[in-house]
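Every value quoted in this text rests on a predicted model; they were computed, and no experiment measured them.
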Amino acid sequence: MTVQNSATTPPAIAIGGSTTPGAALAALGVVVFSLTFPATVWGLDGFGPWSLVALRSVLAALIAGGFLLALRAPLPQRRHWGPLAAVAGGVVLGFPLLTTLALQTSATSHAAVVVGLLPLATAAVAAVRTSHRPSRRFWLAAGAGAAVVAAFTVGQSGGALHTGELYLFAALLVCAVGYAEGGRLARLMPGWQVIGWALVLSLPLMLAGAALALAHEPAAPTARGVTGLLWLAAGSSFAGMYVWYRGMAAIGIARASQLQLAQPLLTLVWSFALLGERVSPAAPAAAVAVLVCIAVTQKAGN
């Protein structure tokens, strides 16, 4: 690979030459992400939580490395490695690990509602990290969404937060940091390269983690377990990000983000259809309320 200045890097939409409409690409990314929690539950059918997270990251990094080599992606500049490390820590390691640990005790429908606040958490971190300040209407809607999620979480857990909820809220925080740093970095290089290099950067650590985890956790691969692992690696960790960033480049962040409002509800559908979970009557109502709040934040401007 040759090192090039980021100013010469072509925009993400130019890579690959796809003629698929941007809206369809972004919508496909949302569908892929909505299957992450059910796929995690499937993966836990054959692997321990630490093994599952490490293996999905190793496989995703190998896929990403192949794309970076095939498309002759330039090496990031030295000043970009710090933000890439934040993306790797939040998106590649932190969020998958914490949500996997949470899903050992929490239903996917429950987790989907809590993680529905991720766009708001990301906006809050981005406001701290940048000079951009959303409007008061935005923050009022964000606060209302947070109150709905807090009430739902406490109500479903019998009046007290359990370990699963703590994992989920920690996952929100680290992923929000990873998304915010990745969003800043995506102004300087195509977004798919951001996630690609973050995955490659994490590969040595994930290889060591996989070896250590497999030595201490019983692994009994099943058809469901392997299917879940492959989806998490090829779908959630890379392909979903690839089409999502391509879609955003084509239709803009605002329009693409509107499509992501459907993600929590889609996860509720998958949890019922693929896992046979009994969805609490409060879950769809809470999900819709959160989506309404997020929709108001979108109309209030970024």
Practice problem: Just do the side-chain contact (heavy atoms from CB on, under 4.5 Å) check on Met241 and Val91 with the steps written out, would you? | Solution: CA-CA 11 Å; Met241 292 288 187; Val91 178; 3.7 Å; yes
Practice problem: Could you walk me through whether Phe37 and Val41 pass the side-chain contact (heavy atoms from CB on, under 4.5 Å) test, one step at a time? | Solution: CA-CA 6 Å; Phe37 285 173; Val41 173; 5.8 Å; no
Exercise. Could you walk me through whether Val194 and His80 pass side-chain contact (heavy atoms from CB on, under 4.5 Å), step by step?
Key: CA-CA 9 Å; Val194 173; His80 297 155; over 6 Å; no
Quiz item: Could you walk me through whether Arg56 and Leu59 pass the side-chain contact (heavy atoms from CB on, under 4.5 Å) check?
Solution: CA-CA 5 Å; Arg56 72 177 273 187; Leu59 293 176; over 6 Å; no
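Residues Trp81 and Leu68 share a single hydrophobic cluster, defined by chaining ILVMFWY side chains whose heavy atoms lie under 4.5 Å apart. Under the 4.5 Å side-chain heavy-atom criterion for grouping Ile, Leu, Val, Met, Phe, Trp and Tyr, Leu71 is connected to Leu188 within one hydrophobic cluster. With hydrophobic clusters built from ILVMFWY side chains whose heavy atoms lie under 4.5 angstrom apart, Leu230 does not share a cluster with Phe33. Val58 and Trp231 fall into different hydrophobic clusters, where Ile, Leu, Val, Met, Phe, Trp and Tyr are joined by side-chain heavy atoms under 4.5 Å apart, directly or via other members. Under the 4.5 Å side-chain contact rule for hydrophobic residues, Leu205 and Leu232 do not share a cluster.
From Gln77, atom CD reaches atom CG of Leu84 across 11.5 Å, with rounding to the nearest 0.5 Å. Note that CG of Leu229 is 12.0 Å distant from CG of Asp45, once rounded to the nearest 0.5 Å. Note that the OG atom of Ser271 and the CG atom of Leu35 stand 11.0 Å from one another [nearest 0.5 Å]. The CE atom of Met206 lies 10.5 Å from the CG atom of Leu201; values are rounded to the nearest 0.5 Å. Here Thr222 contributes atom OG1 and Trp42 contributes atom CH2; the two are 9.5 Å apart, rounded to the nearest 0.5 Å.
Using a 4.5 Å heavy-atom threshold, the side chains of Gln193 and Pro74 count as touching. A 4.5 Å side-chain heavy-atom check between Pro49 and Leu44 finds at least one atom pair inside the cut-off. Taking the side chain as every heavy atom from C-beta outward, Leu173 and Phe169 never approach each other to under 4.5 Å. Here the side chains of Leu199 and Ile63 are not in contact, with every heavy-atom distance at 4.5 Å or above. When side chains are defined from C-beta on, Val174 counts as touching Leu98, because their heavy atoms get closer than 4.5 Å.
A tilted orientation is assigned to the rings of Phe238 and Phe67, their planes being inclined by 30° to 60°.
Listed here is the closest heavy atom pair of Leu203 and Ala61: CD1-CB, 3.8 Å. Scanning all heavy atoms of the two residues, the minimum distance from Leu214 to Ala219 falls at CD2-CB, 4.1 Å. Ala60 and Ser237 get closest at one heavy-atom pair: CB-CB, 3.5 Å.
Counting only distance, with no hydrogens or angles, the side chain of Ser106 and the backbone of Leu103 share no donor-acceptor pair below 3.5 Å. Remark: side-chain polar atoms of Glu217 are paired, donor with acceptor, to backbone N or O of Trp50 under 3.5 angstrom. The backbone N or O of Thr108 sits less than 3.5 Å from a side-chain atom of Glu277, completing a donor-acceptor pair. Side chain of Thr99 to main chain of Phe95: a donor-acceptor pair is present (N/O by atom type, distance under 3.5 Å, no hydrogens or angles). Listed for the Ser202 side chain is no donor-acceptor partner under 3.5 Å among the backbone atoms of Ala88.
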